[in-house]
Amino acid sequence: MNIFRLLGDLSHLLAIIILLLKIWNTRSCAGISGKSQILFAIVYTTRYLDLITTYISAYNTFMKIIFIATSYATVFLMYVKFKATYDHNHDTFRIEFLILPAFTLALLINHEFTLVEVLWTWSIYLESVAILPQLFLVSKTGEAESITSHYLFALGSYRGLYLLNWEYRYYAEDHYDLIAIVAGLVQTVLYCDFFYLYITKVLKGKKLQLPA
Amino acid sequence: KLDVQPKDEL
């Protein structure tokens with residue numbers, strides 16, 4: 001565990017906490033893409049199947065359980081408890097266009113053609129594009145609440161910090177995983193436009209509003 | 001070194 005990895009995980013955890021608190025405190029999930037949250041639930045379910053087969057560390061087990069549980073909790077809040085506030089008119093991204101190509105790619109490019117490994121690879125590919133419905137929703141409405149922007153910034157930073165972790169591990173431990181690295185790069189690049197707006201607008205106290 | 005399993009990252 002190096003500092004980049006730890007900061008990445010904490011950033012990821014922070015993003016989830018921000019999102020849950022935002023929904024819970026405002027009793028509303030307006031501006032949040034349920035499609036992205038469904039994708040994240042699929043991502044964590046398929047990635048952490050090794051919870052039942054392999055023990056890594058208490059930290060690892062704890063975080064995996066938290067990520068799986070909170071992803072389902074978020075989906076529950078959006079589609080059941082606060083369903084009336086869900087922005088379904090704007091959340092129209094077709095997630096099958098992400099799920100199926102990611103799965104096909106996982107069947108073709110993986111480290112080992114076994115069920116668990118293909119599902120892990122699928123989760124990595126799917127995570128890299130899972131934020132697209134959320135970014136699509138923001139671009140459709142043309143704006144995002146500050147709290148939603150903070151959520152997106154923390155969530156985007158997490159894989160960016162993992163990139164630094166992988167660079168560190170490549171040199172320090174001679175360890176690398178090309179599938180994770182390339183997908184992580186794609187994931188981080190997708191946030192770049194948002195990062196720019198976040199730094200130039202939200203951090204200066206302005207609302208994130210896209211140019212008309 | 002490329003480890004397929006186990007995965008130690010999240």
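In what follows, chains are A, B, ... by sequence order, proteins preceding strands, each numbered from 1. Keep in mind that what you see is a predicted model, and the values were worked out from it rather than measured.
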Can you tell which part of [X] gets under 4.5 Å to a heavy atom of chain B, answering side chain, backbone, both or neither?
X: A/N60; value: both
X: A/N165; value: side chain
X: A/Y55; value: neither
X: A/Y44; value: neither

If you take all heavy atoms of A/Y162 and B/L10, which pair is closest and at what distance?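 Nearest heavy atoms, A/Y162 then B/L10: OH-N, 3.3 Å.
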Is it the case that atom OH in A/Y170 sees more than 12 heavy atoms from other parts of the structure closer than 6.0 Å?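 Not buried by this count: 12 neighbours or fewer within 6.0 Å.
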Does OH belonging to A/Y79 count more than 12 external heavy atoms closer than 6.0 Å?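 Yes, because the 6.0 Å sphere around OH of A/Y79 holds more than 12 heavy atoms from other groups.
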Donor-acceptor contact present, side-chain B/D8 to main-chain A/I56, <3.5 Å: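 Not at all, since once roles are kept as given, no pair shorter than 3.5 Å links the two residues.
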Winner by heavy-atom pair count (cut-off under 4.5 Å) against chain B, out of A/R5, A/K64, A/M1: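 Heavy-atom pairs under 4.5 Å are most numerous for A/R5.
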Using the side-chain hydrogen bond (donor to acceptor under 3.5 Å, both in side chains) rule, pick out the option among A/H175, A/R169, A/R47 that qualifies with B/E9.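 The passing option is A/R169.
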Within the 4.5 Å heavy-atom criterion, are A/D50 and B/K7 side-chain neighbours or not?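 The answer is yes, as the side chains (C-beta and beyond) meet within the 4.5 Å cut-off.
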